[in-house]
Amino acid sequence: MTTTTATQTIDEILKGASLGWQIVPVWGVGDSGVCRCHRGRRCTSPGKHPTPGEDRLPEATDDEDKLIGMAEDNPGCNWGVALGPASGII
């Protein structure tokens, strides 16, 4: 099993941001596989939707300071990349 530290994670996030990828934190999944959002076991998309709600995607950014702040505000989260013209990923 590989363990990833918070420093390794933010380094990887910032590498993606340096490519112009628009990145946003998404809810994490607990050890039991349950989403950490308020829906818990009722969540239909565990670990796959933006924090704190569905409207967070517009906050996706490649700004390093904002991403570091998001990482500090959302420990243990997963990370998503906004697809489409903004990130250049179709």
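Small disclaimer: the values here were computed from a predicted structure and weren't measured.
The two residues Ile23 and Leu67 have their closest heavy-atom pair at O-CD2, 3.6 Å. Here the closest non-hydrogen pair linking Pro25 and Asn74 is CG-ND2, 3.8 Å. Scanning all heavy atoms of the two residues, the minimum distance from Thr44 to Pro46 falls at C-CD, 3.5 Å. The minimum heavy-atom distance linking Pro75 with Arg36 is given by the pair O-NH1, 4.4 Å.
Remark: Lys48 engages Ser45 in a side chain to side chain contact (heavy atoms under 4.5 Å, CB included) (not counting sequence neighbours). Scanning for side-chain hydrogen bond (donor to acceptor under 3.5 Å, both in side chains) contacts around Glu12 gives Lys15, with sequence neighbours left out.
Considering CD1 of Ile13 and CG of Asp62, their distance stands at 13.0 Å, rounded to 0.5 Å. To the nearest 0.5 Å, atom CD of residue Glu72 and atom CD1 of residue Ile10 are 8.0 Å apart. The CG atom of Asp73 sits 12.0 Å away from atom CD1 of Ile68, with the distance rounded to the nearest 0.5 Å.
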Scan the side chains in residues 77-87 for donor-acceptor partners under 3.5 Å anywhere in the protein, sequence neighbours excluded, and list what turns up.
unit_1	atom_1	unit_2	atom_2	d
Asn78	ND2	Trp27	O	3.3
Asn78	ND2	Gly47	O	3.3
Ser87	OG	Gln22	N	2.7
Ser87	OG	Ala82	O	2.7

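For the side chain to side chain contact (heavy atoms under 4.5 Å, CB included) with Val34, the lone residue among Arg41, Arg42, Arg39 that qualifies is Arg41.
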Test Thr61 against Met70 for side-chain contact (heavy atoms from CB on, under 4.5 Å), laying out the working first. CA-CA 10 Å; Thr61 185; Met70 288 178 180; 4.1 Å; yes
